[in-house]
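Starting from 1, each residue takes its place in the sequence as its number.
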Amino acid sequence: LSNAAQAAKTESAILLQGESGTGKELVANAIWRYSPRSRRPFSVINCVAIPDTLLESELFGYERGAFTGAQHRRIGRIEQAAGGTIFLDEIADISAAVQVRLLRVLESGEIFRLGGDRPVTVNARVVCSSWKDLVQEVREGRFRADLYYRLTLLRLEMPPLRERLQDMTLLVRHIMRRMGMIHKKMPPEAIELLCSYPWPGNVRELDALLRRYCLMSTSDAFQMPLLQELLLAMRQTQGILASPRRVPENREEQDLPASGSLRQRLRLMEKKIIRQELVRQQYSKKSTARSLGISLNTLWRKMCDAD
């Protein structure tokens, strides 16, 4: 938090690195609120949620006639954030074309709207996040090295919840206060129970659990059985029973498929590797995709492909 407070006072681009659910957007929002730009706009773009074909126009805007249906000029989100801050969530997933355009913004403070022939001066601070290792993305040619250096003048690591269990009490109080349920205080034994769970979904998963508890609680007095029931359901959902699930040492994988074409055998082995990695990553699909070096969309497609 002290590093974030110090970074907020600067004008430099910032990269927030950490697993999904660790609160990167909350930290980005706090950096904006405590920065000299706090009176100007704060704009959030989820780079994964917007298709590549639309992301360019969303970020940089377009001129009338730039493409079919562009009957009016549209101001992009970077231009709208003039004087303020724009938060680019999951920056590692932007296309090569968007990377080039974003690099120009960081180098010259200028953008070209789609279909435009004149540069537009912009003044927005860029804060971005990624659960992927951007260094590895650069090494494998999926992310521009020059853009990486521009985006990581300051870099903040967001530790997963399982590595910051000492903050559990503060996090619970903050979430309960935000929901207007601060009167539903949790005793130390409840905090200890929460600390026994590995939290693959990080703070986002903790938030969901506490919301569920408050919705189902029928008394202002703390209900330990209810919390135990909800936590057990979460363990079962995540493929975890009483402790993080591990593959027994005496459990061997089946032999290579003995029949079928090379393509069919490779697909079977690929599915086996994915299943094994899912178990190792406690059924976190994002962690599995990152470990295997593929996108989350690719993982979903490979899991859903018919044999």
Side-chain heavy atoms under 4.5 angstrom apart, residues restricted to Ile, Leu, Val, Met, Phe, Trp, Tyr: same cluster for W199 and L230? yes
Between T22 and V203, is the side chain to side chain contact (heavy atoms under 4.5 Å, CB included) condition met? List the steps. CA-CA 5 Å; T22 51; V203 179; 5.7 Å; no
Correct closest heavy-atom pair for Q228 and L193 would be CG-CD2, 3.7 Å
Review point. Is the backbone of A49 close enough, under 3.5 Å, to the side chain of N46 for a donor and an acceptor to pair up by distance?
Key: yes
query: Would I111 end up clustered with L88 when hydrophobic side chains under 4.5 Å apart are linked, directly or stepwise?
result: yes
Rounded to the nearest 0.5 angstrom, the CG-CG distance for D207 and N202 is 12.5 Å
Around atom CD of E192, are there more than 12 heavy atoms of other residues, nucleotides or ligands at under 6.0 Å? no
> Can a donor-acceptor pair be found between the side chains of R37 and N123 at a distance below 3.5 Å?
Replying inline: yes
Under the criterion side chain to side chain contact (heavy atoms under 4.5 Å, CB included), I'd like the reasoning laid out for I175 against M179: C-alpha separation, chi angles, the key distance, then a yes or no. CA-CA 6 Å; I175 294 171; M179 293 188 297; 3.9 Å; yes
Exactly one of R162, K24, R204 clears salt bridge (Lys or Arg N to Asp or Glu O under 4.0 Å) with E19, and that residue is R162
Residues passing the side chain to side chain contact (heavy atoms under 4.5 Å, CB included) test with P188, sequence neighbours excluded, are none
Closest non-hydrogen contact found for K132 with D93 is NZ-OD1, 3.0 Å
Report task. Kindly indicate, with the supporting measurements, whether the criterion side chain to side chain contact (heavy atoms under 4.5 Å, CB included) is fulfilled by R144 and V100. Result -> CA-CA 8 Å; R144 294 179 63 101; V100 172; 3.6 Å; yes
V172 side chain reached by M176 side chain, heavy atoms, under 4.5 Å:
yes
Open item on the list: Looking at S108 and R104, would you say the former's side chain and the latter's main chain have a donor-acceptor pair under 3.5 Å?
Closed with: yes
- Task: With salt bridge (Lys or Arg N to Asp or Glu O under 4.0 Å) as the test, would you mind laying out the steps for R74 and E63 before giving the verdict?
- Result: CA-CA 6 Å; R74 179 176 178 180; E63 296 287 354; over 6 Å; no
Is it the case that more than 12 heavy atoms not belonging to R178 sit under 6.0 Å from its CZ atom? yes
All heavy atoms of Y62 vs all of S57, minimum pair found to be CD2-CB, 3.7 Å
In T85, I14, L154, the residue satisfying side-chain contact (heavy atoms from CB on, under 4.5 Å) with I31 is I14
Exercise for review: Evaluate side chain to side chain contact (heavy atoms under 4.5 Å, CB included) for L210 paired with M186, printing each intermediate quantity in order.
Suggested key: CA-CA 11 Å; L210 296 179; M186 289 197 175; 3.4 Å; yes
Q) How far apart are the C-alpha atoms of S196 and R235, what are their side-chain angles, what is the distance that settles it, and do they pass the side-chain hydrogen bond (donor to acceptor under 3.5 Å, both in side chains) test? A) CA-CA 11 Å; S196 71; R235 290 184 187 277; 3.0 Å; yes
* When clusters are formed by joining ILVMFWY residues with side-chain heavy atoms under 4.5 Å apart, either directly or through shared neighbours, do W131 and L26 land in the same one? -> no
So, R33 and S38: side-chain donor and acceptor under 3.5 Å apart, yes or no? no
d(R113 CZ, R64 CZ) to nearest 0.5 Å is 14.5 Å
Output for pair (M158 CE, E25 CD), nearest 0.5 Å, gives 11.5 Å
Between S35 and A8, the two heavy atoms sitting closest are CB-O, 3.1 Å
ask   = Do L16 and L147 sit in the same hydrophobic cluster, where Ile, Leu, Val, Met, Phe, Trp and Tyr count as joined when their side-chain heavy atoms come under 4.5 Å apart?
value = no
For this session: May I ask you to test the L161-L171 pair for a side-chain heavy-atom distance under 4.5 Å?
Result: yes
Here the gap from K286 atom NZ to S20 atom OG, rounded to the nearest 0.5 Å, amounts to 3.0 Å
Show the numbers, then the answer: is there a side-chain hydrogen bond (donor to acceptor under 3.5 Å, both in side chains) between E277 and T288? CA-CA 6 Å; E277 191 62 25; T288 299; 5.8 Å; no
Quick one: do the S217 and Q223 side chains pair a donor with an acceptor below 3.5 Å? yes
Query - Main-chain N/O of G21 paired to E205 side chain as donor or acceptor, under 3.5 Å - result: no
Between the CZ atom in R155 and the OG atom in S130, the distance rounded to the nearest 0.5 Å is 9.0 Å
Taking the side chain as C-beta and beyond, is there a heavy-atom pair between E56 and L114 under 4.5 Å?
yes
Side chain to side chain, V98 and S95, heavy atoms closer than 4.5 Å: yes
Quiz item: Would you call I91 and L102 a side-chain contact if the rule is heavy atoms closer than 4.5 Å?
Solution: yes
- Query: Is it true that atom OH of Y148 has more than 12 heavy atoms of other residues, nucleotides or ligands lying nearer than 6.0 Å?
  - Reply: yes
Here the gap from L15 atom CG to E157 atom CD, rounded to the nearest 0.5 Å, amounts to 8.0 Å
Item checked: Transitive ILVMFWY side-chain link F42 to I45, under 4.5 Å -> no
- So, do Y197 and L206 sit near enough that their side-chain heavy atoms are less than 4.5 Å apart? no
Side-chain heavy-atom pair V105, F60 within 4.5 angstrom cut-off: yes
Is there a donor in the side chain of R125 and an acceptor in the side chain of T10, or the other way round, less than 3.5 Å apart? yes
(Q) Main chain of R40, side chain of W32: is a donor-acceptor contact present, judged purely on distance under 3.5 Å? (A) yes
Practice item. Decide whether D89 and S129 meet the rule of one side-chain donor and one side-chain acceptor closer than 3.5 Å. Key: yes
Between A82 and P41 the two heavy atoms that sit nearest each other are O-CD, 3.7 Å
Quiz item: Any side-chain heavy atom of F222 within less than 4.5 Å of one from Y213?
Solution: yes
**Audit row: T298, S295, side-chain hydrogen bond (donor to acceptor under 3.5 Å, both in side chains) steps and yes/no** = CA-CA 5 Å; T298 299; S295 68; 2.8 Å; yes
